[in-house]
Number of protein chains: 2
Amino acid sequence: MTTRRPTIDDVARLSGVARVTVSRVLNGGPNVRDEVRSRVMRAVEALDYKVNPQARGLAGGSSRLLAFVFASDPENDPNSYYESALELGALRGCLALGYQVLVQNVPNQTPDCHKRVLELITTQRCDGLILSPPYSDDVALIEAVLAQGCKVVTVSPGGPAKNRFDGVGVDDEAGGYDLARELLRLGHRRFGFIAGLEGHLSADLRLKGFQRALAEQGLGEGDYAMVRGDFTFRSGTHLAPGLLDHPLGPTALVCANDDMAAGALSAAHARGLSIPKDLSITGFDDAPVAAIVWPPLTTVHQPVKVLGQRAVELLVARLTGVDIAPEPVFHQLEHAVVSRQTTAAT
Amino acid sequence: MTTRRPTIDDVARLSGVARVTVSRVLNGGPNVRDEVRSRVMRAVEALDYKVNPQARGLAGGSSRLLAFVFASDPENDPNSYYESALELGALRGCLALGYQVLVQNVPNQTPDCHKRVLELITTQRCDGLILSPPYSDDVALIEAVLAQGCKVVTVSPGGPAKNRFDGVGVDDEAGGYDLARELLRLGHRRFGFIAGLEGHLSADLRLKGFQRALAEQGLGEGDYAMVRGDFTFRSGTHLAPGLLDHPLGPTALVCANDDMAAGALSAAHARGLSIPKDLSITGFDDAPVAAIVWPPLTTVHQPVKVLGQRAVELLVARLTGVDIAPEPVFHQLEHAVVSRQTTAAT
DNA sequence: CGCTTCCATGGAAGCGCTTCCAATTGGCAG
DNA sequence: CTGCCAATTGGAAGCGCTTCCATGGAAGCG
């Protein structure tokens, strides 16, 4: 059964070169004649040789292991589309690059969450971390990680972290703005806003863009009501009624993500409202749920899977130092308002 | 900045013992005096020592790495709740056991999918694999993996694999049976069945249980129509109309999972049917979507996250050989029919 | 009381790789 | 023709851990 796998020495012997030369070829090192390089490659093929990542990591000091850190509470059922899609994209990004990603669920808000993230470096020897919100805005954490010599890419940072560290994301402020413009165009003037969790700064940017569009029309704080949810469907169902009963009498409910919008939609159904005739509702992300609910949700599309993939690519570039400037890079991808059937003229 | 981490030799020196003794303590080996053991542990604490997994893997020949293999096409957006939840459970299971899981998306149906799964062993040196459907029914693949000396746990196997290898799952046949009983009790006698993908044997068991319940009432092949979907919302929307137009005139649509049921529900809405008055619809899994759609879906609950966690626990038990019999083990968890609002008397 | 057996510990070897540095070669300017 | 440099290759030394085997002493036995 389990026959011993060939080692680098087997390859060296078969191709008639020294072990170091094989190592050079395998790692794309310079100063190897083409003839030797191809001879080695042929031996690799012939033996079906694969490098042993443990040995490489031990000798070379790098594990080629990344960690994808997300914060949601694992006991709460609906692990969100946002995180799943990010992860899937990261997985896809790793495939081509020869890296592996360790998915790590570290509930934040717990006192030891910083410690748990930092332990990924010491116990797993990860070379780099991908931090999703709200960790992507935690400057103290990021600096602590960087101080350990571990690289970081932030996903959807929304505050000061955005300019100080490598990151990927969309322009959330512009997304909120664009959505608000659409609603204003439809004649809406009084709004309810279901914001996201405190500390998720990118979600707050959506609100900020929304406010900017309002201000352009001379509308201000008196023209909308805001509450905070936790991005879950459930919080949408719980919070929508309060907003609907608000003295303002909002004609549109703007939600910081699709799950909460779906919850709001469900709550609206429950009180017999006809959507979008009686009330407009919008989400953010363009998650699958946006197309599943009835009527399908108007939302802002963001390419979450691509974000995950780009995060890996950026992190690996930073790790290998190829094709990358020393100063922080932010990859901003395109968003787009997707008008479906939960919005209408008032 | 990056100061060198303490090694096992630092611990040995500080506690005044040899390196091997520290190793013994760390691995719970026998033949160490309690006094020595605690002295070593104190040194470990003092230095904040963590074993280097690369070194341990290289020297010991085991990586403490598991792979969670799932099959869905990464280009298809809605990576299903089933797989996400399984993964989350597996992650949680690893936490306590000191193992890590590498999540691997290997689209099946491609000619090289066996090769890609086997490469997890050679390339990543995984000690064990968790195979989700349909890989959990692929006897040839499982035997090939086992032949490499890598352990396997199957999730929701439905065919011969169920008795031959370690696995976790619910009794899908009984789930289908229970659901059918409920529908029969409500007076339904003509059914449409949206089955799952070919080769997902556990999903077929649901149909089998359903048929058994029908047979008990003297109903047979002439009393239901069946089509196959691919477990996505979209396939539910596409397939439901055909079933509704079937000459049989089904009064209930039974779907192999919740996403397809949600799709069927949406299709029913689109043609103006009132659910559950005009038509009953059922799903399977009790995914979050079941509670999100309107009206909420009657379905069969299965504890998917716990399944993922149990899979890890079983795999690690098999790997370490503790607390486990040599013959294959199947952990069967409880399912439960959840009657919500898409089912009513006909 | 001499013998085996068991327990607790340590020494040495080596897992499979990379990194550092030395050695050899060929080319080319002086 | 000599010297020097760059290109190419290899030898040796580990990375931090576990496994194998040897050692010494305490305990058990006829």
Side-chain angles (χ1 to χ4, degrees), chain A residues 2-40 43-44 47-65 98 121-125 127 149 319-320, chain B residues 2-40 43-44 47-65 98 121-125 127 149 319-320:
Chain A
T2 324
T3 53
R4 211 179 53 80
R5 302 265 340 146
T7 74
I8 195 174
D9 286 320
D10 297 322
V11 177
R13 209 169 307 123
L14 181 60
S15 48
V17 298
R19 187 201 294 178
V20 274
T21 304
V22 177
S23 175
R24 266 190 210 101
V25 171
L26 259 23
N27 295 291
N31 302 341
V32 182
R33 276 181 307 146
D34 283 352
E35 191 263 321
V36 172
R37 191 182 298 277
S38 66
R39 189 143 43 93
V40 169
V44 167
L47 295 171
D48 188 33
Y49 168 77
K50 315 277 182 199
V51 292
N52 179 323
Q54 269 90 35
R56 170 184 274 172
L58 182 56
S62 80
S63 61
R64 308 210 184 184
L65 231 47
I121 309 169
T122 57
T123 58
Q124 308 301 330
R125 300 202 119 70
D127 292 340
L319 245 16
T320 57
Chain B
T2 324
T3 51
R4 210 178 54 80
R5 303 260 346 143
T7 73
I8 194 172
D9 287 320
D10 297 322
V11 176
R13 209 169 307 124
L14 181 60
S15 48
V17 298
R19 187 201 293 177
V20 275
T21 303
V22 177
S23 175
R24 266 189 210 102
V25 171
L26 259 21
N27 294 290
N31 302 342
V32 183
R33 276 182 307 147
D34 283 352
E35 189 264 320
V36 173
R37 191 181 299 276
S38 67
R39 188 143 44 92
V40 169
V44 166
L47 295 172
D48 188 33
Y49 167 78
K50 316 277 183 199
V51 291
N52 179 323
Q54 268 90 34
R56 170 183 273 172
L58 183 56
S62 80
S63 61
R64 307 209 183 186
L65 231 46
I121 309 169
T122 58
T123 316
Q124 308 302 333
R125 300 202 121 69
D127 292 341
L319 245 17
T320 57

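The chains referred to below are lettered A, B, ... by the order of the sequence lines, with proteins before strands, and numbering in each begins at 1.
- Residue A:Val20 places its side chain closer to C:dT19 than to any other of C:dT19, D:dT18, D:dG16.
- Distance, A:Leu26 CG to C:dG16 P: 15 Å, rounded to whole Å.
- Nearest nucleotide to the side chain of A:Ala55, out of D:dG11, C:dG16, C:dT18: C:dG16.
- Counting heavy atoms from C-beta on, the side chains of A:Val25 and A:Val22 never come closer than 4.5 Å.
- Residue A:Ser23 places at least one side-chain N or O closer than 4.0 Å to OP1 or OP2 of C:dT18.
- Proximity of B:Ile8 to B:Val51: side-chain heavy atoms (C-beta onward) are nowhere separated by under 4.5 Å.
- DNA chain D is contacted by no residue of residues 28-40 of chain B, taking any non-hydrogen atom closer than 4.0 Å.
- With DNA chain C read from its 5' end, the first of the two nearest nucleotides for B:Leu58 and A:Asn27 is the one closest to B:Leu58.
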Hey, what are the protein-to-nucleotides 21-28 of chain D N/O distances that come in under 3.5 Å?
none

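- Residue A:Ala59 has its side chain nearest to D:dC15 when only D:dG16, D:dG10, D:dC15 are considered.
- For the pair A:Gln54 CD and C:dG14 C1', the computed distance is 16 Å after rounding to whole Å.
- Using a 4.5 Å heavy-atom threshold, the side chains of B:Ser63 and A:Gln54 count as touching.
- Looking only at side-chain heavy atoms (C-beta outward), A:Thr21 and A:Arg24 come within less than 4.5 Å of each other.
- Defined by atom type and a distance below 3.5 Å, a donor-acceptor pair is missing between the side-chain atoms of B:Arg5 and B:Asn52.
- Which of D:dG11, C:dT18, D:dG16 sits closest to the side chain of A:Ala18 comes down to D:dG11.
- With a 3.5 Å limit on both pairing distances and Watson-Crick or G-U wobble geometry required, the stems of 3 or more pairs in DNA chain D span C:1-30 with D:1-30.
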